[in-house]
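Here is the structure we will look at.
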Amino acid sequence: MSKIEVNEIAGRSGTSISVASGHKISGAAGSIVAPGHVIQVQYTQYTDTFTQSLSAETDTVLGAAALSVNITPSSTSSIIKLDAHIFHEWGSQGDAGNSVWFFYRDTTALKAPAAGSRPCGISMSTVSYAGDEAGSTPEIAYYTYFDAPNTTSQITYKIGLFPRYNRTLSVNRTITDTDALGFERGISFTSATEIAQ
């Protein structure tokens, strides 16, 4: 195998460089990048169920290892696009409109800046039923955040939640979880996508 060492490649005529049909350029993970290019995707998809007790007005990590995702950026200039989908049901439907969701980067909360006594996060739960119902109709939290961690060390991203009241949250199931129609189950995930800059 021969090796060519250069610092720059340019077209001999024109501004395009072609790769012959059936051939490809390959390299180690993160070695071939362009701005906007997806370098890697890491995710945790959780299919089991759990419940978690929440303390009022306290930033909380939800699900710990069940919903955390690890990623090691290949460049300090990369942007990490975080996505979360949390299938859940509150012990009181009114909590969906009084609690906020966000992310943690290790122990740093990633959310709207502090604004007095207001709860600050990224998003809220989406209510799937018009009436006051807690027991058999779940809610959804789906939200995104763009992080610039400026590191090539491993990061652990976690789901953050600020509940307004003391409550128990059910994840991937309804509160009563009866084995019957009308008591849905679902899947939750957290993903981290490294994007070259």
Side-chain angles (χ1 to χ4, degrees), residues 1-50 61-88 100-113 121-126 128 138-161 171-173 184-197:
M1 175 184 283
S2 58
K3 181 179 181 181
I4 299 173
E5 294 184 2
V6 297
N7 291 324
E8 184 176 314
I9 298 174
R12 179 174 291 175
S13 61
T15 57
S16 296
I17 297 173
S18 299
V19 176
S21 177
H23 294 250
K24 64 180 181 178
I25 297 173
S26 61
S31 65
I32 301 172
V33 297
H37 177 85
V38 171
I39 298 172
Q40 62 171 314
V41 179
Q42 302 295 329
Y43 69 92
T44 298
Q45 186 162 272
Y46 188 72
T47 60
D48 204 350
T49 66
F50 68 87
V61 173
L62 183 70
L67 293 171
S68 297
V69 62
N70 295 324
I71 189 168
T72 303
S74 62
S75 171
T76 57
S77 65
S78 292
I79 296 295
I80 308 297
K81 179 179 182 278
L82 301 170
D83 292 291
H85 171 271
I86 311 298
F87 185 103
H88 63 282
V100 291
W101 297 84
F102 58 96
F103 291 104
Y104 281 101
R105 180 204 314 124
D106 295 323
T107 57
T108 301
L110 305 174
K111 57 182 178 177
I122 296 172
S123 193
M124 312 279 289
S125 296
T126 300
S128 61
E139 286 82 48
I140 299 298
Y142 187 92
Y143 58 105
T144 298
Y145 184 85
F146 294 91
D147 189 31
N150 190 30
T151 185
T152 54
S153 298
Q154 179 179 284
I155 303 164
T156 300
Y157 287 105
K158 295 166 273 193
I159 299 299
L161 180 58
V171 175
N172 288 349
R173 50 164 279 187
E184 301 84 359
R185 284 192 173 189
I187 291 174
S188 298
F189 74 83
T190 311
S191 68
T193 302
E194 182 181 4
I195 303 171
Q197 298 302 295

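Heavy-atom basis, side chains included; hydrogens, waters and symmetry copies ignored. The model shown is predicted, which means the values in this text are computed figures rather than measured ones.
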Measure the spacing between [atom1] of [X] and [atom2] of [Y] and express it to the nearest 0.5 Å.
X    : Y    : atom1 : atom2 : result
S153 : D106 : OG    : CG    : 9.5 Å
F102 : I122 : CZ    : CD1   : 8.5 Å
I86  : S125 : CD1   : OG    : 9.5 Å
I79  : Y145 : CD1   : OH    : 9.5 Å
T156 : N70  : OG1   : CG    : 3.5 Å
Q45  : H85  : CD    : NE2   : 10.0 Å

Quiz prompt | I25/V19 under side chain to side chain contact (heavy atoms under 4.5 Å, CB included): CA gap, chis, key distance, verdict | solution = CA-CA 8 Å; I25 297 173; V19 176; 3.8 Å; yes
Pairs meeting criterion salt bridge (Lys or Arg N to Asp or Glu O under 4.0 Å) with involvement of [range], two or more places apart:
range            : result
residues 62-77   : none
residues 184-197 : D177-R185
residues 61-85   : K81-D83
residues 5-21    : K3-E5

Practice problem: Output all residues satisfying salt bridge (Lys or Arg N to Asp or Glu O under 4.0 Å) with R173, sequence neighbours left out; order by chain, then residue number. | Solution: none
I'd like to know if the side chain of [X] reaches the main chain of [Y], judged simply by a donor and an acceptor atom lying under 3.5 Å from each other, with no hydrogens or angles considered.
X    : Y    : result
T152 : S74  : no
N172 : S188 : yes
Q40  : I195 : no

Quiz item: Would Y143 and F103 satisfy ring pair (Phe, Tyr, Trp, His ring centres under 6.0 Å), going step by step from the backbone distance to the final call?
Solution: CA-CA 10 Å; Y143 58 105; F103 291 104; 4.7 Å; yes
Self-check item: Set of side chain to side chain contact (heavy atoms under 4.5 Å, CB included) partners for I9, sequence neighbours left out
Solution: V6, I17
Practice problem: Check the pair L67, V61 against side chain to side chain contact (heavy atoms under 4.5 Å, CB included), reporting the backbone distance first and the verdict last. | Solution: CA-CA 9 Å; L67 293 171; V61 173; over 6 Å; no
If every non-hydrogen atom of [X] is compared with every non-hydrogen atom of [Y], which pair is closest and at what distance?
X    : Y    : answer
S78  : I39  : OG-CD1, 3.9 Å
P149 : I155 : CB-CD1, 3.5 Å
S77  : Q197 : O-CG, 3.1 Å

Taking side chain as C-beta onward, heavy atoms only, is [X] less than 4.5 Å from [Y]?
X    : Y    : value
T76  : T151 : no
F189 : Y142 : yes
Y104 : K111 : no
Y157 : D147 : yes
S68  : T190 : no
Y46  : I187 : no
Q42  : S191 : no
S123 : V100 : no

